[in-house]
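Side chains are part of it too, since the values below use all heavy atoms of this structure and drop only hydrogens, waters and symmetry mates.
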Amino acid sequence: MELVDLSVPVETGMPVYPGDPEVSVAPALTVARDGVNVLGLHLGSQSGTHVDAPVHIDDALPALGELPLSRFAGPAVVADARGLAPRSPIGAGLLAGLPWPGGGDAPIVLVATGWSAHWGRETYLGHPFLAEEAATLLVERGVRTVGIDALSVDPTPADDFPAHRVLCGAHAVIAENLTGLDRLLDAQGEGRPIEVWMMPLRLDGADGAPVRAVARIG
């Protein structure tokens, strides 16, 4: 059994979606002055590796605390979307051949673009993104949790959010800014089972929350 961290570190000045709150992490209390160490954190709900709740794009849709915990953990399959040009759409054809586990509910689907290699650089904004037809295919197959190793499942920046609308409209959870998916692709190619946990902070009325995303490779 192997555990793989799929999360980016939370640190001052880390990349955020354009317009989102900037992240700062600094000592609020120190042992030398106060007898204990406590960090002060300033960040947005969509900072770092995080999940979007459906209410993120529509006030009428469920907030984070209304979703079952099963949305955030379970068996996973990984789609290989590496090697695409910047700002390329990821079409339904790339997802159609995923190695679907037999029986039970639809798995968590993680989309590996390889774009986590650009983390911390301006080029991170130029990531590939899910085409609307790809998001529709996943929803039709019963998928209710989708993750990507990029800033968004839609282009950045964007005037419209078709992949978000399709997924959130189906009450699905979206995980963004994942990393380490190359290791999961290798394990999947070896026929090893993958489980993923992406548990958010308990912010019951929120549009989303940071997560510590971890995969277990069998």
Side-chain angles (χ1 to χ4, degrees), residues 5-26 39-64 67 72 79 81-91 109-136 138 145-170 172-181 198 200-201 203 205-213:
D5 196 341
L6 307 179
S7 314
V8 297
V10 176
E11 54 193 3
T12 299
M14 67 191 293
V16 296
Y17 193 88
D20 276 14
E22 296 293 331
V23 175
S24 64
V25 181
L39 284 176
L41 308 176
H42 179 271
L43 69 167
S45 58
Q46 307 279 321
S47 298
T49 305
H50 67 275
V51 292
D52 296 352
V55 75
H56 181 47
I57 55 98
D58 189 330
D59 288 337
L61 294 173
L64 191 63
L67 299 170
F72 307 104
R82 296 174 297 181
L84 295 177
R87 304 190 187 280
S88 294
I90 300 167
V109 171
L110 306 179
V111 182
T113 67
W115 226 253
S116 57
H118 297 265
W119 178 255
R121 304 200 297 268
E122 187 67 24
T123 51
Y124 192 62
L125 300 180
H127 57 85
F129 57 92
L130 279 185
E132 184 174 3
E133 64 180 29
T136 299
L138 294 175
T145 308
V146 178
I148 193 167
D149 57 350
L151 196 52
S152 175
V153 291
D154 285 300
T156 302
D159 297 322
D160 190 18
F161 303 92
H164 275 86
R165 282 191 284 101
V166 169
L167 295 169
C168 291
V173 166
I174 302 168
E176 295 164 328
N177 291 326
L178 295 169
T179 191
L181 297 188
M198 302 183 291
L201 298 175
L203 302 172
D207 57 278
V211 303
R212 183 66 179 266

**Message:** Would the distance check show the side chain of S24 and the main-chain N or O of T12 forming a donor-acceptor pair, the cut-off being under 3.5 Å?
**Reply:** no
**Message:** Would you compute the distance between atom CG of D58 and atom CG of D207 and round it to the nearest 0.5 angstrom?
**Reply:** 12.5 Å
**Request:** Indicate the atoms forming the closest heavy-atom contact of E22 with H42, along with that distance.
**Result:** O-ND1, 3.1 Å
**Asked** E133 side chain to G91 main-chain N or O, any donor-acceptor pair under 3.5 Å?
**Response** no
**Message:** Treating T145 as the side-chain partner and F72 as the backbone partner, does any N or O pair qualify as donor plus acceptor under 3.5 Å?
**Reply:** no
**Message:** Rounded to the nearest 0.5 Å, what separates atom CD in Q46 from atom CG in D20?
**Reply:** 6.5 Å
**Request:** Please report the shortest heavy-atom distance between S7 and V211, naming the atom on each side.
**Result:** OG-O, 4.0 Å
**Request:** State, to 0.1 Å, how close S47 and P21 come at their nearest heavy-atom pair, and which atoms those are.
**Result:** OG-O, 4.5 Å
What donor-acceptor contacts under 3.5 angstrom involve side-chain atoms of residues 156-163, with partners at least two apart or in another chain?
residue	atom	partner	partner atom	Å
T156	OG1	H127	NE2	2.7
D160	OD1	R165	NE	3.3
D160	OD2	R165	NH2	2.9

**Message:** Does N177 form a side chain to side chain donor-acceptor pair (under 3.5 Å) with Y124? I'd like the steps, not just the answer.
**Reply:** CA-CA 10 Å; N177 291 326; Y124 192 62; 2.7 Å; yes
**Item:** Contact summary for D149 and V111, nearest pair of heavy atoms
**Value:** OD1-O, 3.2 Å
**Asked** Are the side chain of H118 and the backbone N or O of L125 linked by a donor-acceptor pair below 3.5 Å?
**Response** no
**Request:** Supply the atom-to-atom distance C168 SG to D52 CG, rounded to the nearest 0.5 angstrom.
**Result:** 6.0 Å
**Message:** Looking at every non-hydrogen atom in both residues, tell me the closest pair between F129 and V153 and how far apart they are.
**Reply:** CB-O, 3.4 Å
**Request:** Taking all heavy atoms of Y17 and all of P155, pick out the closest pair and write down the distance.
**Result:** OH-O, 3.8 Å
**Request:** Would you give the length of the straight line joining atom CG of L6 to atom OG1 of T179, rounded to the nearest 0.5 angstrom?
**Result:** 8.0 Å
